[in-house]
Amino acid sequence: MDWMRWHDDYDRPGSPLARRLQVVREQIGTALDRSPSGPLRVVSLCAGQGRDLLDVLAVHPRRDDVRGRLVELDADNAAYARQSARAAGLHQIEVVTADAAITDHYRGMVPADLVLICGVFGNLTDEDIESTIASCPQLCGTGGTVIWTRDRSLPDRVPLICEWFAEHGFDQRWVSEPDAGFGVGVHRFTGRPQPLASGMRMFTFVGFDVLSRMDAPADGAG
Ligand SMILES: C[S@@+](CC[C@H](N)C(=O)[O-])C[C@H]1O[C@@H](n2cnc3c(N)ncnc32)[C@H](O)[C@@H]1O
């Protein structure tokens with residue numbers, strides 16, 4: 001999978017991905033608007049080019065209150081995000097080229113006020129979606145927000161994702177309509193943060209392309 005080119009759809013006006021990006025940006029803006037005054041921390045898992053967070057922060061009144069860490073494995077995407085942060089003067093935003101599944105990469109930046117898990121769940125097995133959500137109390141502070149995405153292709157996992165967040169102390173703030181052409185959810189953590197485990201793997205990023213092949217019948221039909 002070419003994860004640089006995956007971002008090209010963001011530049012096709014009206015594409016589901018472009019519309020999803022718009023919604024994620026709006027939700028990031030709302031979460032920042034509602035955040036308490038003072039310093040804020042943001043982490044983004046599998047951050048890609050950072051187009052969601054960085055474009056919002058560039059013009060948001062809270063921009064200089066925010067320290068953030070974007071964790072992205074693809075070196076070209078990470079370089080793109082780093083350059084965008086620099087160009088926008090967001091000097092408190094770090095971009096780490098690393099496996100976002102490993103808890104150690106968030107040390108010093110969690111519990112965060114805002115956790116972005118966008119473009120991730122569609123690339124994980126159900127078991128790993130659940131284990132990632134179960135890890136969110138290590139990443140998110142009380143009152144903090146998780147913004148996540150999952151496409152609505154069948155089997156539609158959005159209802160299950162909402163159940164799993166509820167089981168782990170998160171209140172549902174907003175979920176996109178089922179027919180929106182994408183899935184975006186916003187959950188707020190009402191529980192107590194858990195200490196960050198050392199060296200823990202939250203998920204294995206399988207990839208939606210590999211997952212769909214795993215689901216296909218062995219003879220390739222259908
Ligand atoms: C579907 S894209 C989403 C990018 C971004 N979060 C967004 O929504 O625009 C998935 C991203 O995850 C990255 N990725 C894949 N496996 C990863 C891993 N183990 N750790 C960090 N990033 C990973 C890919 O390089 C790609 O940029």
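Residues take their numbers from the sequence shown, with the count starting at 1.
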Chemist: Would you check if there is a donor-acceptor pair between the side chains of S37 and R62 at a distance under 3.5 Å?
Modeler: no
Chemist: Among H7, Q83, E72, find the one that has a side chain to side chain contact (heavy atoms under 4.5 Å, CB included) with Q49.
Modeler: H7
Chemist: Return the minimal non-hydrogen interatomic distance between F203 and A101, and the atom names on each side.
Modeler: O-CB, 3.0 Å
Chemist: Using a 3.5 Å distance criterion without hydrogens, assess whether the side chain of R82 forms a donor-acceptor pair with backbone atoms of V95.
Modeler: yes
Chemist: To the nearest 0.5 angstrom, please state how far the CG atom of N77 sits from the CZ atom of R5.
Modeler: 13.0 Å
Chemist: Over all heavy atoms of both residues, which pair between A31 and S35 is shortest? Give the atoms and the distance, please.
Modeler: O-OG, 2.8 Å
Chemist: Which atom names give the shortest non-hydrogen contact between A81 and G48, and what distance separates them?
Modeler: CB-O, 3.9 Å
Chemist: Under the criterion salt bridge (charged side-chain N to carboxylate O under 4.0 Å, His left out), I'd like the reasoning laid out for R51 against D11: C-alpha separation, chi angles, the key distance, then a yes or no.
Modeler: CA-CA 11 Å; R51 294 205 197 185; D11 298 323; 2.8 Å; yes
Chemist: Quick check: is Y10 connected to Y80 through a chain of hydrophobic side chains (ILVMFWY, heavy atoms under 4.5 Å apart)?
Modeler: no
Chemist: Is it the case that the side chain of R152 and the backbone of G183 share a donor-acceptor pair, with hydrogens and angles ignored and the cut-off at 3.5 Å?
Modeler: no
Chemist: Can you name the nearest heavy-atom pair linking I161 to I129, along with the distance?
Modeler: CG1-CG2, 3.8 Å
Chemist: So which heavy atom on P193 is nearest to which on G141, and how close?
Modeler: CG-CA, 4.0 Å
Chemist: With a 4.5 Å limit on heavy-atom distance, are the side chains of H187 and W174 in contact?
Modeler: no
Chemist: Below 4.5 Å, heavy atoms only, C-beta onward: do V66 and L57 meet side chain to side chain?
Modeler: yes
Chemist: For R173 and T30, does a side-chain donor sit closer than 3.5 Å to a side-chain acceptor?
Modeler: no
Chemist: Assess the residue pair S84 and L90 against the criterion (side-chain contact (heavy atoms from CB on, under 4.5 Å)); give the C-alpha distance rounded to whole Å, side-chain angles, the decisive distance to 0.1 Å, and a yes or no.
Modeler: CA-CA 9 Å; S84 298; L90 297 168; over 6 Å; no
Chemist: Under a single-linkage definition using a 4.5 Å side-chain heavy-atom cutoff for Ile, Leu, Val, Met, Phe, Trp and Tyr, are L124 and Y106 assigned to the same hydrophobic cluster?
Modeler: yes
Chemist: Quick one, P111 and R41 - any side-chain contact, counting heavy atoms below 4.5 Å?
Modeler: yes
Chemist: Just by distance, with hydrogens left out, do R19 and Q22 show a side-chain donor and acceptor under 3.5 Å apart?
Modeler: no
Chemist: Would you mind checking if D99 and R201 are paired as a salt bridge, meaning a charged N to carboxylate O distance below 4.0 Å?
Modeler: yes
Chemist: Among pairs that include at least one residue of residues 128-138, which meet side chain to side chain donor-acceptor pair (under 3.5 Å), considering only residues two or more places apart or in two chains?
Modeler: E130-W164
Chemist: Please report the C-alpha distance between M109 and E94 in whole Å, then the side-chain angles of each, then the deciding distance to 0.1 Å, and finally whether the side-chain contact (heavy atoms from CB on, under 4.5 Å) criterion is met.
Modeler: CA-CA 10 Å; M109 202 56 81; E94 307 162 14; 3.8 Å; yes
Chemist: Any side-chain heavy atom of T190 within less than 4.5 Å of one from T142?
Modeler: no
Chemist: Calculate, to the nearest 0.5 Å, the distance between atoms CG and CG belonging to L70 and D52 respectively.
Modeler: 7.5 Å
Chemist: Taking the side chain as every heavy atom from C-beta outward, state whether L116 and L53 have any pair of such atoms under 4.5 Å apart.
Modeler: yes
Chemist: Just do the side-chain contact (heavy atoms from CB on, under 4.5 Å) check on E26 and V56 with the steps written out, would you?
Modeler: CA-CA 8 Å; E26 285 166 12; V56 177; over 6 Å; no
Chemist: Indicate, with yes or no, if V42 and F189 share a hydrophobic cluster defined by side-chain heavy-atom contacts under 4.5 Å among Ile, Leu, Val, Met, Phe, Trp and Tyr.
Modeler: no
Chemist: So how far is it from D74 CG to W6 CH2, rounded to the nearest 0.5 Å?
Modeler: 12.0 Å
Chemist: Look only at the side chain of R69 and the backbone of H105, and say whether a donor-acceptor pair between them is shorter than 3.5 Å.
Modeler: yes
Chemist: Evaluate the side-chain contact (heavy atoms from CB on, under 4.5 Å) criterion for residues S198 and T103: first the C-alpha distance (whole Å), next the side-chain angles of each, then the deciding distance (0.1 Å), finally the verdict.
Modeler: CA-CA 6 Å; S198 286; T103 48; 5.8 Å; no
Chemist: For the atom pair CG (L40) and CG (D113), what is the distance rounded to the nearest 0.5 Å?
Modeler: 4.5 Å
Chemist: Just verifying a value: how many Å separate Q194 CD and H168 NE2, rounded to the nearest 0.5 Å?
Modeler: 9.0 Å
Chemist: Going only through I, L, V, M, F, W and Y residues with side-chain contacts under 4.5 Å, is there a path from M200 to V115?
Modeler: yes
Chemist: Quick one: does any side-chain atom of D9 pair with a main-chain N or O of L17 as donor and acceptor, under 3.5 Å?
Modeler: no
Chemist: Would the number of heavy atoms belonging to other residues, nucleotides or ligands and lying under 6.0 Å from CZ of R107 be above 12?
Modeler: yes
Chemist: Are V71 and S44 close enough that some pair of their side-chain heavy atoms sits under 4.5 Å apart?
Modeler: no
Chemist: Contact between W148 and V184 at the side-chain level, heavy atoms closer than 4.5 Å - yes or no?
Modeler: no
Chemist: Rounded to the nearest 0.5 Å, what separation is found between the OG1 atom of T149 and the CZ atom of R20?
Modeler: 3.5 Å
Chemist: Quick check: do F165 and V146 have side-chain heavy atoms less than 4.5 Å from each other?
Modeler: yes
Chemist: Looking at V23 and F182, what are the two nearest heavy atoms and their distance?
Modeler: CG2-CZ, 3.7 Å
Chemist: Hey, any chance L21 and F208 share a hydrophobic cluster, counting ILVMFWY side chains that come within less than 4.5 Å of each other, even indirectly?
Modeler: yes
